[in-house]
Amino acid sequence: MRVSEAFRAAFGSQPHTIWHAPGRVNLIGEHTDYNDGFVLPFAVPWGVTAAVSPRRDATIRLLSLQAPGEPLTITSYEQAKGWARYVVGVPATLEGALGADIAIDGDVPQGAGLSSSAALEVAVASAFNELYGLGLSPLEIALLGQRAENDFVGMPCGIMDQAASALSQEGRALFLDCRSLGYRTIPLDLAGHGLRIVIIDTRVHHELADGQYAKRRADCESAARKLGVAALRDVTDLAGALARLQGDERKRVQHVVTENHRVEALVGLLRAGAITEIGALLNASHLSLRDEYEVSCPELDVAVEAAIRGGARGARMTGGGFGGSAIALVAEDRVASVEAAVRAAYAERGWKEPRFLTATPAQGARKLA
Ligand code: GLA
């Protein structure tokens with residue numbers, strides 16, 4: 001394996017363990033995780049591989065095949081910059097100053113909103129869990145990754161991305177209750193129904209993304225306080241709640257409450273073997289994210305509209321928004337026409353050509369060696 005060769009070349013010995021953790025797409029349940037709601041992501045076939053050995057001291061030596069150069073030697077966690085922060089966030093979050101030699105290799109398309117950062121956290125956390133006998137379950141590994149991102153990296157994300165990376169199973173979607181953290185996987189037999197989920201990577205990432213994410217969370221928390229509930233998950237009378245709110249908070253609540261219902265409805269359809277019927281829910285989710293939650297952008301909207309015009313059964317933005325990727329549910333024989341429609345719509349506007357990928361539900365974190 002390329003990553004163990006790089007490890008040996010840099011550190012002069014074999015890695016003690018090698019873990020792989022995938023990125024994700026979210027089928028439905030957007031901006032619901034930090035509202036104690038429901039999500040339905042699945043792991044993608046691209047991820048991060050971490051080759052790791054423990055050390056006797058607290059130093060982290062770190063190299064990435066995607067960042068050529070000498071390995072970084074990190075003796076104080078705060079020294080770490082950029083991508084290295086997602087790695088170092090793991091030991092920084094654990095007790096006891098645990099050092100390690102780490103080599104990273106990754107193939108998650110960068111900037112596509114497919115959670116390469118969660119993959120990095122979960123791969124590294126899985127390796128530390130094994131090497132230092134931490135006894136963490138896959139769910140606890142996801143929580144450790146989230147804590148590293150919240151407390152060390154400073155991004156107030158929910159649990160969805162790390163959970164998808166740690167818990168997904170091949171051929172299935174992950175239905176997670178973000179309050180109880182109860183989860184189950186549900187078969188997502190795309191090929192058996194002649195379907196494909198096409199990822200449309202807009203190849204844009206608008207800079208406002210991080211600030212707006214924190215702002216949406218704050219809107220939700222303040223609306224929940226006004227409504228006297230612990231989280232928006234608890235709103236049972238939507239009309240009554242909307243009557244008590246105004247402006248942005250009203251719109252955010254409208255999205256979160258209806259999005260949770262859409263997740264449950266979609267799960268119901270999958271259980272009933274009616275995967276071909278889920279398109280309308282995907283479309284409704286997109287409109288709600290665009291108009292009520294206001295986290296879409298022209299590139300995502302055009303991708304979704306063109307995909308539907310080109311014959312997709314449904315489409316929506318996926319992930320945090322403001323760029324990144326959309327997903328489209330497409331019959332096999334329509335894939336070419338959907339891609340052509342999106343490509344043409346982008347070309348017409350003089351935008352950079354989008355990238356198309358096929359999302360096959362993949363296995364969550366696993367030990368490779
Ligand atoms: C990002 C966050 C997730 C989730 C999504 C929106 O991917 O990391 O926790 O909130 O946005 O659904």
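The figures here come from the full heavy-atom set of this structure, side chains too, leaving out hydrogens, waters and symmetry mates. Start at 1 and go down the list; that is how both ligands and their atoms are numbered.
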Within the 3.5 Å criterion, strictly below it, is a donor on H255 or S288 matched to an acceptor on the partner's side chain?
yes

Between R250 and E292, does any side-chain N to carboxylate O distance fall below 4.0 Å?
no

Whether D219 and K251 form a salt bridge (side-chain N of Lys/Arg under 4.0 Å from carboxylate O of Asp/Glu) is what I want to check.
no

Charged N to carboxylate O below 4.0 Å: is that the case for E294 and R252?
yes

Carboxylate-amine/guanidinium proximity below 4.0 Å for R2 and E5
no

Contacts table for ligand 1: protein N or O within a distance under 3.5 Å of ligand N or O, distances only.
residue, atom, partner, partner atom, Å
ligand 1, 7 (O), R24, NH2, 3.0
ligand 1, 7 (O), D161, OD1, 3.4
ligand 1, 7 (O), D161, OD2, 2.9
ligand 1, 8 (O), D161, OD2, 2.6
ligand 1, 9 (O), D33, OD2, 2.6
ligand 1, 9 (O), G158, N, 2.9
ligand 1, 9 (O), Y213, OH, 3.4
ligand 1, 10 (O), D33, OD1, 2.8
ligand 1, 10 (O), D33, OD2, 3.4
ligand 1, 10 (O), Y213, OH, 2.6
ligand 1, 12 (O), E30, OE2, 2.6
ligand 1, 12 (O), H31, N, 2.7

Between R85 and F152, is NZ or CZ placed under 6.0 angstrom from the six-membered ring centre and within 45° of the ring axis?
yes

